[in-house]
Every structure is written in C-alpha cells, then in structure tokens.
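Each chain gets a letter, A, B and so on, in the order the sequences are listed, and its residues count up from 1.
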Protein chains: 2
Amino acid sequence: MVFTPSLRLLAVSLVALLQPVSAIWPAPQTFTKGNSSLYLHQNIKITYNGEPLAYTADYPASALSSKEIVTAGVSRALGSIFSQNFVPWMLQPRGQLSKFEPDVYKGQKWIKSLEIVQNTKDANNIVKPALAGEVSEEYSLTLSAEGDVKLTADSYIGVLHGLESFTQLFFQHSTGTSWYTPWAPVEIKDKPKYPHRGILLDVARTFMPVKNILGTIDGMAASKLNRLHVHVTDSQSWPLQIISMPEVAEKGAYHPSQTYSPADIDNIQKYGALRGVQVYFEIDMPGHIGSVSLSHPDIIVAYDQWPYQWYCAEPPCGAFKLNDTKVDDFLGKLWDDLLPRVTPYSAYFHTGGDELNRNDSMLDEGIKSNDTEVLRPLLQKFIEKQHNRVRKQGLTPLTWEEIPLEWNVNVGKDVVVQTWLGPDSVKNLTSKGHKVIDSNYNFWYLDCGRGQWLNFDNAGYAAFSPFLDWCNPNKGWRHVYSHDPAANLTPEEAKLVLGGEVAVWAESIDPITLDTIIWPRASVAGEVLWSGRIDPATGQNRTQLDAAPRLSELRERLVARGVQSSSVYMTWCTQDPTGKSCEYPLV
Amino acid sequence: MVFTPSLRLLAVSLVALLQPVSAIWPAPQTFTKGNSSLYLHQNIKITYNGEPLAYTADYPASALSSKEIVTAGVSRALGSIFSQNFVPWMLQPRGQLSKFEPDVYKGQKWIKSLEIVQNTKDANNIVKPALAGEVSEEYSLTLSAEGDVKLTADSYIGVLHGLESFTQLFFQHSTGTSWYTPWAPVEIKDKPKYPHRGILLDVARTFMPVKNILGTIDGMAASKLNRLHVHVTDSQSWPLQIISMPEVAEKGAYHPSQTYSPADIDNIQKYGALRGVQVYFEIDMPGHIGSVSLSHPDIIVAYDQWPYQWYCAEPPCGAFKLNDTKVDDFLGKLWDDLLPRVTPYSAYFHTGGDELNRNDSMLDEGIKSNDTEVLRPLLQKFIEKQHNRVRKQGLTPLTWEEIPLEWNVNVGKDVVVQTWLGPDSVKNLTSKGHKVIDSNYNFWYLDCGRGQWLNFDNAGYAAFSPFLDWCNPNKGWRHVYSHDPAANLTPEEAKLVLGGEVAVWAESIDPITLDTIIWPRASVAGEVLWSGRIDPATGQNRTQLDAAPRLSELRERLVARGVQSSSVYMTWCTQDPTGKSCEYPLV
C-alpha cells in the first residue's frame with residue numbers, strides 16, 4: 001500500500017491536536033509535527049540552490065544579491081538559535097521541564113543538512129520591492145525524522161520567512177550547550193493571507209533613533225510583518241534632512257541630534273530589504289505639516305493657531321496653503337530630492353491626507369473660506385498633482401481615507417487608501433473599487449488608552465477627569481487579535497483589502513517605551529494578517545486559548561533577540577501550555 | 001535696616017513665579033531661587049558636622065553608621081551630577097538652549113563648599129527604621145550667590161533628601177565638561193506632609209529579580225519615596241526562601257532561579273536603608289496563599305479550585321484553613337525564621353488579609369461553612385494570633401482593609417490598615433481611630449487598564465470584548481496626581497492618614513515593562529504625599545500645568561540614572577517650559 005500524503009498529514013495532525021504548544025507564530029497555513037527530538041549542530045551542512053553556503057556570525061551581505069541576502073538570513077537564523085535562544089522552563093509546568101526536554105545523554109540524533117531551494121530567480125534589482133501581491137512570500141519547510149531539512153520558496157523573501165519558522169522550532173537545552181527541536185518530523189506549507197502586513201511608526205511627534213527603527217524591523221522580521229510605514233514628518237517636528245533644502249530640518253527638527261540623514265534613510269531601508277521588510281515613508285499633507293512653517297512660514301497657514309480645536313486635531317496646527325504656487329515649488333523640490341533616494345527600496349509613498357481642517361483655509365489670504373465647495377476642487381488639484389509626481393518616480397501613492405471619503409477627491413485606482421475610522425470606511429472604499437489597508441483605531445491603534453497628554457487646569461478638571469485620551473481604552477492583545485479587516489465584505493470587496501497596519505503614534509511614547517508598546521501586539525495583528533482571522537482547521541475565529549501559549553513563546557523569542565516586548569500574561573499562565581489555567585470560565 | 005528673612009523670601013518668590021521651570025520634584029514646602037549661574041567642580045570641599053568628607057565614585061558604606069551612609073549618599077549625589085546628568089535641550093524652546101545655559105567662556109563662578117550639618121544624632125541601630133513619623137525627614141538647603149552650600153537636617157534620611165534636591169539643581173553644559181545650576185541663590189526648607197510614601201510591588205505573580213527591586217529603590221530615593229512594600233508571596237508562587245522550610249520555595253517558586261535567598265532579602269533591605277527607603281514585606285493570608293499547597297497541601301483549602309469565581313478573585317485560589325493547628329504550626333515556624341531576619345531593617349510587617357472568599361471554608365473539612373457568623377470568630381482568633389507574633393518580634397502589623405471592614409475583625413490601634421476600595425473606607429477606618437495608608441485602586445493601581453490577562457474562548461467573546469481588566473482604565477499620571485488620600489476627612493481623621501502607596505500588581509507586567517509602569521507615576525503620587533495635594537502658595541489643588549514641566553525634568557533625571565521611565569508627553573510639549581503649548585484650551 002502506498003502511504004498517501006493526505007493520510008500521513010491526517011495522522012500527524014491528530015498528534016498535533018494533543019500537543020499543547022505548536023510553536024510557530026504566525027500560525028502556518030498547514031503545519032504538522034511529530035514528537036521526536038533532533039539536535040542542531042553549528043557545523044550543519046547548508047546548501048542554497050545546490051551550492052554550499054557558509055554562514056558566519058553577523059554575516060554582512062556585501063552585495064544586494066539573492067545569495068548574499070540568503071546567506072545573511074541563514075547567519076541570523078542560526079545565530080538566533082545558538083546565541084539568542086532560551087530554555088523554555090517558563091512555558092512548561094512548574095518543575096517539569098525534564099518531561100519536555102530530550103535527555104542529552106541518550107543518543108543525540110542530529111540534523112544533517114539544511115537544503116534551501118529557491119524556485120524562481122529574484123528580479124535583478126532585488127531590493128526594489130514589488131507592489132502588494134507581486135512577489136510570492138510562500139515557502140515550504142520539511143524536517144524529516146532522519147534529520148534532513150528542506151526549505152523551498154519562490155523568492156528570497158519566502159526563504160527568509162521559512163528561516164524564521166525554522167528558528168522557532170528550536171530551544172536551548174537546560175544543560176546549556178545543546179539546541180534541539182522536540183517536534184520532528186515537521187512539515188510546513190505556508191503563505192500569507194494578506195500581502196500588506198505592517199506597522200505605522202510616528203517618528204515626528206517623538207523622534208525615534210535609527211537603532212530603535214532597526215530594532216523594530218528585527219521584531220517585524222521575526223513575526224513575518226513586511227511593511228514599515230514611517231510617518232516621518234508632522235506639525236510637531238520635521239526630522240527628515242532634505243539635501244536641497246537643509247533649512248527644513250535645521251529649523252523643523254526638535255534638535256540637530258534628532259534628524260535622519262540621507263545615509264540614515266538608506267541604512268533603514270536597506271536593513272529592512274535584507275529582512276523582507278519594505279520601509280516606506282509618509283509626508284503627511286496638506287494638514288499635519290506645520291513644522292515646515294519654521295523654515296518656510298509663507299507656505300503654511302494656521303501654524304500653532306489657538307484655540308487649536310478650531311483648526312486641527314491637536315497642537316500645533318499647520319497646513320499647506322491649498323492654492324499657492326510657492327507650495328508647489330516647495331513640493332517639487334522636495335519630491336525631486338527625496339523620492340529618487342527612497343525609490344530603490346520602496347514601491348510606495350504615502351502623501352498623508354488625514355484630518356485636514358477646513359477652517360485652516362479661512363486664514364489663507366488667497367482663499368479665506370471654509371466652504372467645502374470652494375476647497376474641494378483645490379484639494380483635488382493638489383492631491384492629483386502630488387500623486388502624479390509620486391507616480392513619475394515609479395512609486396504608488398498611498399492616502400488616508402479622508403481624501404476620497406470626506407473630501408470626495410477622486411484618486412486613481414492604483415492608489416492604496418489607508419483607513420482608520422472603521423469597517424464602514426473599508427466597505428465604502430472597496431465597494432467603489434479602491435484598494436485598502438486597514439488600521440481601525442478601535443482595534444489597532446497601539447498607543448491608545450494611556451491617558452491624555454494635554455494638561456488641564458483646575459477649571460477643566462471636573463469635566464475631564466480621569467483624563468482619558470480620545471481613543472481610550474488601551475487595546476490589549478486579545479482585542480487586537482479579534483479584529484478582522486475584511487469582516488462583512490463581499491468576496492469582491494475583500495479582495496481589495498491588501499492588509500493592514502497597526503499604528504504607533506507618538507504623543508505619549510518614546511524610545512524607552514517603544515518596544516513595550518509595539519510588542520507583542522504587532523505580532524498579534526501579524527497573525528491575523530498572515531494566517532487569517534479564521535482558523536481553517538475549525539472554520540471558527542481563531543481563539544485566545546490557542547493563541548496565548550504560542551504567543552508567549554514568540555514573546556520569549558523576541559526578548560531573547562533584544563526586542564523589549566511586553567508579556568502575554570503572568571508565569572502562572574505561561575507555565576500551563578494548554579492555557580486552561582488562565583481561561584475565563586463562564587459560570 | 002535689617003533685611004528680614006520673610007521680606008527676602010517674598011522678593012525671591014516673586015521672581016520664582018515668573019520662571020517657567022522650578023526644578024525640584026516633589027515640590028519643596030518652600031523654595032526660592034535666583035537666576036545666577038554657579039558651576040560645580042569635582043573637587044568641591046565637603047564637610048559633615050565640621051569634619052572633611054571625601055567622596056569617591058560608588059562609595060560603598062562599609063559600616064552602617066551615619067557618617068558612612070552620608071558619605072555614600074554624597075558620592076551618589078555627586079556621581080549623578082557628574083556622570084548621570086543631561087543637557088536640558090529637550091526642556092527648552094527649540095534651538096534656544098543657549099538662552100538658558102550660562103556662557104562657559106564668561107567667567108565661571110564656582111560653588112566653593114558643601115557644608116552638611118546633622119542636628120541630631122541618629123539612633124545607634126541606625127538602619128532599624130522607626131514607625132511613621134518618628135524620624136524627622138526635614139531638611140533645609142541654601143546655596144548662596146557666593147557659592148556656599150549648606151545642608152541641614154535632623155537625621156541621615158533628611159540629609160539624603162536634601163542631597164537629592166541638590167542634584168536636581170544641576171545640569172550638564174552642552175560643551176560637555178561643565179556642570180552648573182542656573183538658579184543661584186537657592187533657599188529650600190522642606191519636609192514631607194505624609195510620613196508613609198510608598199510603592200507596593202508584587203513579586204509573586206511575576207518574579208522580579210533583585211536588580212529590578214534595587215532599581216526601583218533608586219527611583220524611589222530620587223523621588224523622596226520612603227516605603228517599599230514587597231508583596232512577596234501569593235497563590236501563584238512563593239519565591240521566598242525559608243531556611244527552616246526549604247520545601248516551601250522549592251515547590252512553590254516558579255523556578256529555582258526565581259527565589260529570594262536570605263542574602264537577597266538582606267541585600268534589598270540594606271540597599272533601601274542606605275537610601276532612606278524602608279523595605280517591608282507582606283505575606284498575604286489567610287487568602288492569597290495557595291502556593292503553600294504545593295509543599296503543604298494539608299493546610300490549604302480550595303487550591304486552584306474551579307470555577308475560580310466561586311472561591312477567589314483570580315486563579316489559582318487557595319486559603320489557609322481557618323481553624324487548624326497545623327496552620328498554626330506552619331506559621332509559628334515561618335515567623336520564627338523570617339521575622340528576626342527582616343526586623344533589623346523594618347518597622348512593619350504586612351499580614352495581608354484582602355479578598356478572603358467565605359466559600360473557601362465550605363471545602364474545609366473542619367468547618368464546612370460559608371456563614372460569616374461561623375467564620376468571623378475563627379478569623380478574629382487567626383488574625384490576633386499572627387499580629388501578636390509579629391508584635392513579639394518588635395514589628396508593627398499592617399493589614400488590608402477587609403479584615404476590619406468586611407469581616408468586622410477587631411484589630412489593635414497600633415495596626416496600620418491599608419485601604420484600596422476608596423474614600424469611604426478611609427473615612428470609616430479613621431473615624432474609628434485606625435491608622436490608614438491609602439492605595440485607592442481608582443487612582444493609584446498602576447497596572448490597571450492594560451486589558452484582561454485571562455483568555456476567552458469564542459463563546460465568551462461577545463460578552464467580554466474588548467477584554468478590559470477589572471480596574472480599567474489606565475491611570476494616567478494626570479489622574480494619579482489628582483488623588484488626595486485625605487479628601488473629605490475631618491482634621492482628626494486626616495491625622496490618622498499616614499500616607500499611601502501606589503500598587504504595582506504583576507498579572508500583566510514583568511521586569512521588562514516594570515520601570516515604564518512605575519515611573520514617573522510613582523513619583524507623581526510621591527509629590528502628592530510629600531508636598532500635599534494643595535499648593536500652599538495658591539490654596540488650590542496643584543495643577544497639571546505647573547506639574548508637567550517639572551515632572552518632565554524629573555523624568556529625564558530618572559532616565560539618566562538608568563530608570564526606564566515612561567515619558568510625560570512629547571518633545572513638542574517638553575520644549576515649552578511654560579507648559580502653555582500643551583494646555584487644553586476650554587472653548
């Protein structure tokens with residue numbers, strides 16, 4: 001009798017159901033595993049498309065070629081197994097680690113080889129990322145009981161994803177000098193549900209040093225997140241150095257030490273590209289641009305105007321004049337300088353467009369009106385012009401939802417619209433044929449619920465106590481996990497949802513709290529976007545019960561890699577890999 | 001004409017009102033300053049009660065004498081000025097630091113001497129702390145325009161407080177190698193409103209390594225907080241090693257690496273004593289003690305009983321049997337072992353007493369009842385016995401409010417009652433003559449608002465989304481600041497409020513997030529407790545407008561000293577020392 005793959009898969013998955021922790025985060029599309037142990041040796045034989053691949057600690061990719069990038073990826077993966085791993089005592093019942101660990105003194109069986117096969121050649125310009133969905137992120141990973149590992153993918157990005165899954169199979173042994181997987185044999189076939197899985201990081205309200213951005217990319221790569229959206233300027237500060245207009249950052253940054261040089265930008269984007277993370281930038285406009293007033297006061301209206309509520313969502317206000325050739329000149333110069341520099345690593349550029357307050361134009365000598373009928377055509381022209389300039393550099397524009405929805409500005413169907421106001425916006429836009437990425441503030445705004453950052457005098461005290469922020473409460477990871485960006489859409493509409501981004505706005509956080517705010521919640525949204533809200537095995541929404549033990553393990557891996565992630569729950573809970581000890585009982 | 005002190009104080013305080021940042025946190029009772037700069041040199045001449053005092057970096061107090069402790073304090077203070085200071089560009093208007101800084105090239109005027117005078121001899125047993133109010137924490141600090149500094153206090157603790165205020169006068173110059181105060185002359189007369197100003201730290205639900213506890217003490221000393229209440233055991237784990245009963249921690253700790261040895265306990269308490277922080281411990285009972293069941297199952301009822309809601313507030317349940325001589329034997333052995341070890345550094349011991357669920361005794365073979373009339377006399381006997389044993393070791397018992405209020409157990413008037421359920425409890429207890437420390441959960445529970453830590457299956461989803469915790473929302477610092485522990489009390493009642501503690505429970509936090517949860521909010525409660533909720537200068541509640549710029553400065557000092565404090569608000573706000581840019585305008 002021929003042992004057919006489907007029967008074998010069935011048999012192995014029955015075993016898997018009985019096992020408490022299934023290790024990989026985000027959950028692969030299919031994942032079967034056994035219960036044999038295999039040890040990994042630092043001298044493992046590795047090949048890439050048939051050729052030997054030698055890894056070294058911290059291998060620096062010397063050229064942006066597939067082989068160099070994969071070699072660096074292998075080096076990071078094995079480096080994380082051998083030097084950033086952990087003994088999983090906190091994930092096992094108290095005092096019972098020995099039941100989980102293999103006995104090192106009883107005939108160690110070794111992994112013999114890691115064979116990496118990439119089916120398709122990467123494009124010549126390898127780090128120029130394609131648009132959403134244009135590059136395959138699929139991979140398959142098998143680890144035989146005999147110790148042969150095979151990783152297959154279509155692209156270098158697929159290979160990197162497969163390597164991340166590989167690292168998540170391994171633990172450090174408590175004896176200290178062995179590393180093992182307890183799950184052999186393993187078979188994983190995996191690909192993402194959504195092609196756009198990202199984090200929006202605000203570095204304008206609070207400056208985030210380059211090293212924190214790179215650290216964020218590390219966490220993203222570990223979680224198979226693939227888009228870092230850097231909200232790089234806003235009314236509070238302009239940290240982005242523009243070569244042809246040095247005055248903008250000189251006057252607009254909080255401090256000379258709080259700027260990004262062209263080399264910093266290149267470094268950040270390249271670091272991302274080497275890890276399968278596309279870094280793209282947003283210069284928010286025509287609102288949220290007040291900091292330009294510090295260097296070019298004549299092109300901005302309502303800068304730091306009070307009371308701010310009449311002119312913008314938070315202090316300081318500031319918007320571009322909507323009908324001024326000097327604005328156009330400034331932006332032409334800006335695009336010519338900036339876009340060619342970011343294009344090698346980006347498919348997208350975000351031109352903002354949120355929260356434009358129509359009262360700003362009341363203060364604009366050339367307009368003096370807050371009438372939508374007056375402003376809309378001006379805004380249409382403004383947006384069209386900037387989007388065309390972005391397109392001309394080979395980039396696809398992104399815009400916030402207010403531009404098409406609140407202002408009824410026509411944007412091209414190539415433009416990706418980012419929503420934040422909820423499912424009605426997603427439905428509305430996709431029903432009109434717009435591509436969407438979703439950042440529903442009720443679920444995925446990670447900085448919410450930390451309290452007001454404005455100060456209240458004693459007169460305002462009674463009305464505003466207990467001083468909650470606008471998007472209170474805090475979005476705990478369980479709530480983040482419950483969001484489905486494509487809920488209640490028709491299949492046609494759902495196809496236009498490219499994915500989503502968690503948002504990390506920076507009124508109340510800074511480099512010290514950054515990691516604890518982002519992690520593990522970005523990874524949680526990452527599983528929704530990679531694996532889907534529905535578990536195909538049950539046809540039901542994925543549950544917290546299944547997620548919590550796996551997430552606890554990912555969290556320990558993040559910490560071991562230097563990402564200062566918040567905890568999932570207390571040790572009492574993590575030490576029950578079934579999660580039952582911390583399940584709320586309905587009584 | 002004699003220049004009378006009162007006129008001089010008046011004149012200087014008018015100047016002070018015009019200045020944006022007044023530096024010291026918590027606000028001193030009286031504080032006047034000028035606007036001359038003085039530089040500090042590492043070779044400053046220091047005396048303590050007339051004798052020369054030589055400081056060195058990281059001076060280790062070799063004996064627990066006043067002189068040794070003060071020498072170590074001076075070393076820390078000068079060390080923090082010279083090596084843990086910062087250039088305050090983030091606290092000044094963008095690009096205008098030079099208007100704040102003195103010109104180093106224009107005749108530097110130096111501080112000549114630091115004269116420390118302690119009026120009263122410390123007790124022989126110097127680190128045995130007195131009860132609340134029995135040791136003077138008062139100090140006065142003057143810094144003349146000519147560069148003479150005089151610090152006067154009654155106790156070594158007062159000296160340490162004065163040194164903390166001294167460090168807060170100084171900044172690093174942007175040229176990098178000078179340290180200055182811009183505020184000379186300075187005159188501070190200061191003492192705390194409340195003698196008990198603390199943090200409750202839960203190290204049982206999540207283990208906190210010794211270094212994190214010491215780091216917490218560092219932050220406390222910087223904020224003039226003086227009580228660290230370590231909630232050292234609970235139903236989830238028992239990390240405390242008991243010499244005579246090693247099995248309790250061996251089986252009750254999460255992991256052998258997650259225990260406190262007797263040397264650790266001594267180290268923590270001594271570290272606190274050297275910094276003016278009394279570290280005392282709580283062994284919560286008769287509820288919240290389930291972890292003892294792992295080593296002594298016969299003395300515990302309802303351990304990890306389900307559904308937990310019937311037997312306790314959160315899993316796992318577990319309580320002492322209320323009428324069992326074996327419990328008594330266990331506790332006798334525990335007290336004999338533990339109390340003599342903590343007594344040299346503590347005036348207090350906390351015997352817990354919160355959230356005892358009467359259903360636990362239904363499962364107690366010797367009781368089988370949940371009738372309060374049956375349980376109350378047993379509890380009365382239990383509490384009385386333990387309190388007497390605590391007293392016998394020279395310690396004063398603390399108890400949670402439920403013991404006297406919910407169970408009507410009579411406790412001695414020497415016992416300090418900790419409230420958490422709000423102002424009615426404070427009023428009720430003080431009106432009956434009980435001493436109280438307040439930890440109102442609606443204001444001072446710092447771990448609240450992070451979301452549920454229990455997991456919900458899909459059946460519970462709808463009812464519990466968005467998965468908020470019981471004490472949601474998060475208590476932002478502005479809300480923490482608005483709490484007055486003695487609000488609505490008669491003067492007689494108010495006298496019995498010894499102070500308060502912020503609470504840091506550990507279901508959802510761990511060493512990685514710990515600092516960001518505690519700071520700066522513990523310091524904010526610290527100002528309420530040191531300076532009082534009312535600003536004597538205005539007779540009004542202290543406002544966020546005055547607090548925010550000062551707190552921002554303290555926050556930078558905490559970070560510079562290695563305490564990973566959350567931010568107060570974004571740089572846009574901190575760069576306006578008047579706070580006006582981020583004041584909510586009532587429109």
Checking heavy atoms, do the side chain of [X], its backbone, both or neither come under 4.5 Å from chain A?
X        : result
B:Asn472 : side chain
B:Lys251 : backbone
B:Phe467 : side chain
B:Asp515 : neither
B:Arg555 : side chain

Q: Evaluate the ring planes of A:Tyr584 and B:Tyr308, with Trp represented by its six-membered ring, and classify them as parallel (under 30°), tilted (30 to 60°) or perpendicular (over 60°).
A: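 Rings of A:Tyr584 and B:Tyr308: perpendicular, over 60°.
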Q: Return the orientation label for the B:Tyr303 and A:Trp572 ring planes: parallel under 30°, perpendicular over 60°, tilted otherwise.
A: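 B:Tyr303 and A:Trp572: perpendicular rings.
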Q.
For the backbone of A:Leu454 and the side chain of B:Arg478, can you confirm whether one donor and one acceptor N or O come within less than 3.5 Å of each other?
A.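 A pair under 3.5 Å: yes.
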Q. Is the side chain of B:Asn474 donor-acceptor paired with the backbone N or O of A:Arg450 at a distance under 3.5 Å, no angle test?
A.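 Present.
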Q. Among residues 505-512 of chain A, which ones touch chain B with a heavy-atom distance under 4.5 Å?
A.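 Within residues 505-512 of chain A, the residues under 4.5 Å from chain B are A:Ala506, A:Glu507, A:Ser508, A:Ile509, A:Asp510, A:Ile512.
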Q.
Sort by residue number and list every residue of residues 556-565 of chain B having at least one heavy atom under 4.5 Å from chain A.
A.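 Within residues 556-565 of chain B, the residues under 4.5 Å from chain A are B:Val559, B:Gln564, B:Ser565.
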Q) Between B:Tyr254 and A:Arg94, what is the shortest heavy-atom contact and its length? A)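 Minimum heavy-atom contact is O-CG, 3.6 Å.
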